[in-house]
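Beneath this line is the structure, given in structure tokens, with notes to follow.
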Amino acid sequence: MKIFLLLIIILFSLTHTKAQNISVDILQQGNSFADSSYYDIIKVENKYWIGGKYGILKSLDADGRIENISYPSEGLDIYKLENLDDETVLASGDKGTLYIHSLKTKTWKCIKVKNYENACFYNLAVDSQKNIYLSGGNSKIAHSGKSIPNGFVLVSSDMGNTWRQIYRNTFNMVWCVKNNPYDNKIYALMYSPNRTNLMVYENKQWVKKQKLGNSIYHEVQFEGENQFVATGGWIGKKGRIHSTNHKKVFNDAGLLWSRIKNEKYTLFTGCNGNIVLETSNHKTMVHHTDLNKPFSLYEAIFIDQSTAFAIGSGRTLLKISITENPKFQAKNN
């Protein structure tokens, strides 16, 4: 009997695995693409701030309760939010606008960067010296209009009072500018027709780090001085992940807009309500969320080890829960 029980235990350990499942609660969504889009979400103190189309700025608690944030809105899109430090929040937007908020004094400062009135500040970054970097291009591009990109990167070392242009290219759109905390260098994803390059700013000049391919790459993150992960693809088509040493393609995810990671899981948000989950052993699955329209999921943020919020077009706000369920499979599978 003991030998029989021992064999059962051994067989169980060989054939028993845990399978991850995704469940999604739709907390909010609109009925058309004309509804305000949510473009970015970050943690601010004990809440989560969401910025979006038409100057939407909201706070969200862990239970999904939404409140408006009062600020000197000009009705202009907010594309990116960033914590400068524990007391200061930055928000970059359309028509050359940057907002700076002091959490200590509860006051706002609105900056209009001269000569960029027709540009969108699509992305922003902060380095360890608290220099502020803005990237983007022609405002029409961010509104799906046809235009020469006129891409650029700006930097300010005095909290936005003065700005210096460190990159300009008529035919490139700079979707992303990012500080690599491992080497404290500024990187950018620069897209020209049919290709995206990962560039690094070294010795006051831009140097090509790596060619990523003929897709739009929207986001890059770093896991070491020479270790990066970029996400992109084509809207309505393939999603692509390009890291330092390998590539992955998801035929049914659409463009992958963002990536978040914790100790156990990595989540990628895509088009048409698609979410890609990658586990710590690099197994992946694609979850499709049925929405009112094929809304894109632009960003996500973990609120605990297995729960995240995701935001996107059409006022889409999702709560994503990851669960582990026992699963039996044949030993040779």
Side-chain angles (χ1 to χ4, degrees), residues 16-26 40-43 48 175-176 178 180-182 187 189 196 198 210 212-213 215-291 294-312 316-329 333:
H16 183 267
T17 63
K18 287 185 177 180
Q20 282 72 31
N21 291 323
I22 291 178
S23 60
V24 176
D25 293 322
I26 301 174
D40 200 15
I41 181 170
I42 64 169
K43 188 173 184 180
Y48 304 88
W175 290 114
C176 181
K178 186 66 66 73
N180 183 345
Y182 297 95
Y187 292 73
L189 295 176
T196 298
L198 176 64
Q210 193 161 334
L212 301 186
S215 299
I216 296 174
Y217 283 87
H218 182 264
E219 175 68 59
V220 65
Q221 296 175 351
F222 301 94
E223 297 188 329
E225 186 171 335
N226 294 301
Q227 299 293 322
F228 72 88
V229 181
T231 57
W234 291 107
I235 295 175
K237 298 181 181 179
K238 296 179 179 180
R240 296 181 183 274
I241 301 169
H242 194 315
S243 63
T244 310
N245 300 314
H246 67 276
K247 303 177 184 179
K248 290 184 181 180
V249 176
F250 295 88
N251 293 318
D252 52 355
L255 188 150
L256 296 176
W257 292 98
S258 72
R259 170 183 180 265
I260 56 170
K261 182 179 181 180
N262 62 23
E263 293 81 4
K264 294 182 67 175
Y265 305 114
T266 304
L267 278 179
F268 302 86
T269 59
C271 298
N272 194 19
N274 290 318
I275 302 162
V276 177
L277 171 66
E278 181 179 80
T279 60
S280 57
N281 59 1
H282 303 294
K283 291 185 177 181
T284 59
M285 62 171 288
V286 178
H287 174 87
H288 174 71
T289 307
D290 288 324
L291 301 173
F295 296 135
S296 288
L297 302 178
Y298 293 130
E299 296 287 343
I301 189 169
F302 277 113
I303 61 174
D304 61 36
Q305 188 79 350
S306 57
T307 312
F309 287 130
I311 50 97
T316 301
L317 172 60
L318 309 179
K319 190 171 186 179
I320 303 167
S321 300
I322 305 168
T323 56
E324 292 184 347
N325 293 327
K327 179 181 178 181
F328 288 91
Q329 60 184 23
N333 279 0

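Numbering of residues begins at 1 and proceeds along the displayed sequence. Computed from a predicted model, the values in this text were never measured in an experiment.
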Which pairs would a plain distance check flag for residues 300-311, meaning a side-chain donor or acceptor within less than 3.5 Å of a matching protein atom at least two apart in sequence or in another chain?
| from | atom 1 | to | atom 2 | distance (Å) |
| --- | --- | --- | --- | --- |
| Asp304 | OD1 | Ser306 | N | 3.0 |
| Asp304 | OD1 | Thr307 | N | 2.7 |
| Asp304 | OD1 | Thr307 | OG1 | 2.8 |
| Asp304 | OD2 | Thr307 | OG1 | 3.2 |

Taking distance alone, no hydrogens or angles, what donor-acceptor pairs closer than 3.5 Å link side-chain atoms of residues 265-272 to residues at least two apart or in another chain?
| from | atom 1 | to | atom 2 | distance (Å) |
| --- | --- | --- | --- | --- |
| Tyr265 | OH | Glu324 | OE2 | 3.1 |
| Thr269 | OG1 | Ser258 | OG | 2.5 |
| Thr269 | OG1 | Leu297 | O | 2.9 |

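Val220 approaches Leu189 most closely through the heavy-atom pair N-CD1, 3.9 Å. Looking at every heavy atom in both residues, Ala230 comes nearest to Leu212 through CB-CD1, 3.8 Å. Heavy atoms only, all atoms of each residue included: Leu255 and Gly233 are closest at CD1-O, 3.5 Å. The two residues Asn274 and Ala253 make their nearest non-hydrogen contact at ND2-O, 3.4 Å.
For the atom pair OG of Ser280 and CD of Glu263, the computed distance is 10.5 Å after rounding to the nearest 0.5 Å. Interatomic distance, Thr196 OG1 to His218 NE2, rounded to the nearest 0.5 Å: 11.5 Å. In this structure, CD1 in Ile260 is found 7.5 Å from CG in Asn262, a value given to the nearest 0.5 Å. Atom CD1 of Ile241 is separated from atom OH of Tyr217 by 9.5 Å, given to the nearest 0.5 angstrom.
When the side-chain hydrogen bond (donor to acceptor under 3.5 Å, both in side chains) test is applied to Thr244, no partner is found at least two apart in sequence or on another chain. Checked against side-chain hydrogen bond (donor to acceptor under 3.5 Å, both in side chains), Thr316 has no partners two or more places apart in sequence or in another chain. Scanning for side chain to side chain contact (heavy atoms under 4.5 Å, CB included) contacts around Glu219 gives Lys80, Cys176, Lys178, Gln221, Thr231, Glu299, with sequence neighbours left out. Partners of Phe295 under the ring-ring contact (aromatic ring centres under 6.0 Å, His included) rule, at least two apart in sequence or in another chain, are Phe33. Taking His287 as the reference, nothing meets the ring-ring contact (aromatic ring centres under 6.0 Å, His included) condition, with sequence neighbours excluded. Shown here are the side-chain hydrogen bond (donor to acceptor under 3.5 Å, both in side chains) partners of Trp175, two or more places apart in sequence or in another chain: there are none. Legend: residues meeting salt bridge (Lys or Arg N to Asp or Glu O under 4.0 Å) with Lys261, ordered by chain and number and at least two apart, are Glu223. Take Asn281 and apply the side chain to side chain contact (heavy atoms under 4.5 Å, CB included) test, not counting sequence neighbours, and it matches Thr279, Lys283. Applying the side-chain hydrogen bond (donor to acceptor under 3.5 Å, both in side chains) criterion to Ser321, with sequence neighbours excluded, gives no partner residue.
Just one residue in the list Phe228, Tyr187, Tyr182 forms a ring-ring contact (aromatic ring centres under 6.0 Å, His included) with Phe222, and that residue is Tyr187.
In this structure, the side chains of Asp40 and Tyr298 stay at 4.5 Å or more apart for every pair of heavy atoms.
Sorted by first and then second residue, the pairs that involve residues 244-253 and meet salt bridge (charged side-chain N to carboxylate O under 4.0 Å, His left out), not counting sequence neighbours, are Lys248-Glu278.
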Does the side chain to side chain contact (heavy atoms under 4.5 Å, CB included) test come out yes or no for Leu318 and Leu291, once each step is laid out? CA-CA 10 Å; Leu318 309 179; Leu291 301 173; 4.2 Å; yes
